[in-house]
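Heavy-atom basis, side chains included; hydrogens, waters and symmetry copies ignored. A, B, ... follow the sequence lines: proteins, then strands. Residue 1 opens every chain. Owing to the predicted nature of the structure, the values given are computational and were not obtained by experimental measurement.
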There are 2 protein chains.
Amino acid sequence: MPGTKKSRRVTIDDVARSAGVSRQTVSRAINDKGEIDPETRRRVLQVAQEMGYRPSRFARGMVRQDVTTLALIIADVLNPFFPEVVSGVLEAADERGWQVVVYATGSELDKELAVAESVPNHVDACVGFLLHTGAIDKIAASGIPFVLLDRGGRAPAVPGVDIDFASGIRQGLDHLMEQGHRRIAMIDDHAHARPGTHNARRELYLAFAAEHGLPVDETWIQPAVNSVDGGAAAMDELLAAHPDVTAVFAYNDHIAIGAMRRAMRLGLAVPGNCAFLGFDGLAIGELVDPPLTTIHIDKRRLGHLAVDQVAAVMTAPQGSGVEAMTIDPRLVVRLST
Amino acid sequence: MPGTKKSRRVTIDDVARSAGVSRQTVSRAINDKGEIDPETRRRVLQVAQEMGYRPSRFARGMVRQDVTTLALIIADVLNPFFPEVVSGVLEAADERGWQVVVYATGSELDKELAVAESVPNHVDACVGFLLHTGAIDKIAASGIPFVLLDRGGRAPAVPGVDIDFASGIRQGLDHLMEQGHRRIAMIDDHAHARPGTHNARRELYLAFAAEHGLPVDETWIQPAVNSVDGGAAAMDELLAAHPDVTAVFAYNDHIAIGAMRRAMRLGLAVPGNCAFLGFDGLAIGELVDPPLTTIHIDKRRLGHLAVDQVAAVMTAPQGSGVEAMTIDPRLVVRLST
DNA sequence: ATGAAAGCGCTAACAG
DNA sequence: CTGTTAGCGCTTTCAT
């Protein structure tokens, strides 16, 4: 079938021609502007519909500078920490009429770099979690308004919303000591414990232990894969090294739950023989048995603050710096301690 | 300070002028094209950096038609069903180099309509969950490639990825009957049970009960708010109406967990006095005690199929229709039944 | 290796 | 009420 044009997008001009009006009139009909004859509008809309016309969002964006698209970078939606943050960001963005594009990196270097490469080309601003300074620097260097979540000392120069781990750790360890514990172990996320990465939890734990003369040292810090199963495996190793442990402070709730279940399966009573303390405050902590004591982080609020913060960066006079915000965790005592 | 220009965006022309080259050369430097003197490139990049130049994604999108943005509409990220779907969509979209914009509707009519209004203006294609036909029709009418997830008979004409509830319900009820149960109640989601909305679960349950002569009727279907607490409340009402119930088939895992916990708190043994069966296959079902028997839906796969399906719609010859896909749930027996 | 011209599809501003 | 004229900021030819 010669003469069949190669499929090209239907433009406003095509519709105008076909409807026998100017493209301006088509524009008026499509955008429901007042100044148009109702009958003309009807006809134009009809033609547009038949031709399958859809305005190009790029051409539109070009002339009306009013759409804001925000990138949200997280590690993994399947980690229940993040949906709560996403929820907060979605809400706050929605209030401002912003669109949110989500990226998941799995906290892997390659993926973080790929996202950092792509993000500045596709959005107007960016908030999110990044572990690797290479990726962080790349986004920052792009000049796009950028807020780093849970900076953990990785990029002090980038605007951020931080989590006050010092406060959280202290609350947790104080609580365990009040319950009479002294042989308190920590199960840490091995990914965050890698050499070269900043890890507040680990250092704070050691400092606290030294300060209070707890009979523990670095061997009481057990690295774990960040998952329920990882927590279980770490518990095995921990018990092998220190069978006399009476309390476990886990990197997060998932790990805590895995460790706790393993301990119970091994015949330990919780919290009688061993207490378990999480960090995150996931909804799931209330559902397990016994319900998990945890250091709760308001993740929805974190999401909201992230959006507020990036909005501040966007409106701040060039280079005038925006002050970092901080989320304070709080102890939620349930039955596992 | 008169003479201060109103802040306008830095364009490629500004950079070109300032660097003393044509805008073409700037474009070459920015996009890392080969045909440019390394020294020139360096200088141009330097100037661009200093001026804080960032290419307009709209102007770019206009001329290179290569970015695809997909809308993903869900009810609520906090409902653990959805993160798994999101994860699948993100993966599949990433494989194709697509961007994903996420919208949450809370399943509310107003929000669904607002999203349906907005989506066609901001993306190239759309997949997602919508309950209200008004919103579904609006998106479909916009002409944008659109795949409806879990159509539930709501829009047979729209391409979709469905979940075979008939199969799931049958597997679940068969299983319960094999365990000797006959007084089997159902706890339903009240939002999905509203008059005018299609609800396969309810009808399938009634049909199965009739077919097998189970001693139950509509009063054995207890509506619940879709949450753990909602499930608990529903269990109270269910026990008030039918204290002799021996098994509960819940609308989803969350509701099942809530109902189960309430029953246990009331002194019932699970599954001894009453068995509980969920529907979803959430990860959390393995963590509760006893672990929840459930009808598992492969939600990641659903996400993948959604992307495949919408890609098919985009490439399919005009109006040639794409065949719906179906996900088959499967029974996962754990200790709650 | 660099520049000039042309145009992507749309809307705002102004005429008529 | 409708049409005409200008761009929005960028990349793709095509010259040079």
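Using a 4.0 Å cut-off between charged nitrogen and carboxylate oxygen, Glu112(B) and Lys138(B) do not count as a salt-bridge pair. Between Asp37(B) and Arg42(B) there is no salt bridge, since none of the side-chain N atoms of the basic residue sits less than 4.0 Å from a carboxylate O of the acidic one.
Here the nucleotide nearest the side chain of Thr40(A), chosen from dT2(D), dG9(C), dT11(C), is dT2(D). Set against dT11(D), dC10(C), dT2(C), the side chain of Thr25(B) has dT2(C) as its closest nucleotide. With dG9(C), dC10(D), dA13(C) as the choices, the nucleotide that has an atom nearest any side-chain atom of Ala59(A) turns out to be dG9(C).
When rounded to the nearest whole Å, the span between CG of Asp32(B) and P of dT11(D) equals 12 Å. Taking atom CD on Gln24(A) and atom C1' on dT2(D), their separation rounds to 9 Å, with Å as the unit. Rounded to whole angstrom, the span from the CZ atom of Arg43(A) across to the P atom of dC1(D) amounts to 15 Å. Rounded to whole Å, atom P of dT11(C) lies 13 Å from atom CE of Met62(A). Straight-line distance from the CG atom of Asp14(B) to the P atom of dC8(D): 10 Å, rounded to whole Å. Between the CZ atom of Phe58(A) and the P atom of dG9(D) there is a distance of 16 Å, given to the nearest Å. The distance between atom CZ of Arg64(B) and atom P of dT13(D), rounded to the nearest whole Å, is 13 Å. For Arg23(A) and dG3(D), the CZ to P distance is 12 Å, given to the nearest whole Å.
If you run side chain to side chain donor-acceptor pair (under 3.5 Å) between Arg23(B) and each of Thr11(B), Asp13(B), Asp14(B), only Asp13(B) comes through. For the side chain to side chain donor-acceptor pair (under 3.5 Å) criterion with Asn121(B), the lone passing option out of Gln99(A), Arg60(A), Arg57(A) is Arg60(A).
Using a 4.0 Å cut-off, some side-chain N or O of Lys33(A) falls inside it from OP1 or OP2 of dA12(C). Contact between the side-chain N/O atoms of Ser27(A) and the OP1/OP2 oxygens of dT11(C) is found at a separation under 4.0 Å. At least one side-chain nitrogen or oxygen of Arg60(A) sits closer than 4.0 Å to the OP1 or OP2 atom of dT11(C). The phosphate of dG3(D) has OP1 or OP2 within less than 4.0 Å of a side-chain N or O from Ser22(A).
Across the interface with DNA chain C, nearest-nucleotide mapping of Gly20(B) and Val63(B) shows Gly20(B) to be the residue nearer the 5′ end. When the nearest nucleotides of DNA chain D are assigned to Arg28(A) and Ile12(B) by heavy-atom distance, the more 5′-ward of the two goes with Arg28(A).
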- prompt: Can you list the steps and then say if Arg96(A) with Asp308(A) is a salt bridge (charged side-chain N to carboxylate O under 4.0 Å, His left out)?
  reply: CA-CA 10 Å; Arg96(A) 296 172 187 268; Asp308(A) 292 347; 3.1 Å; yes
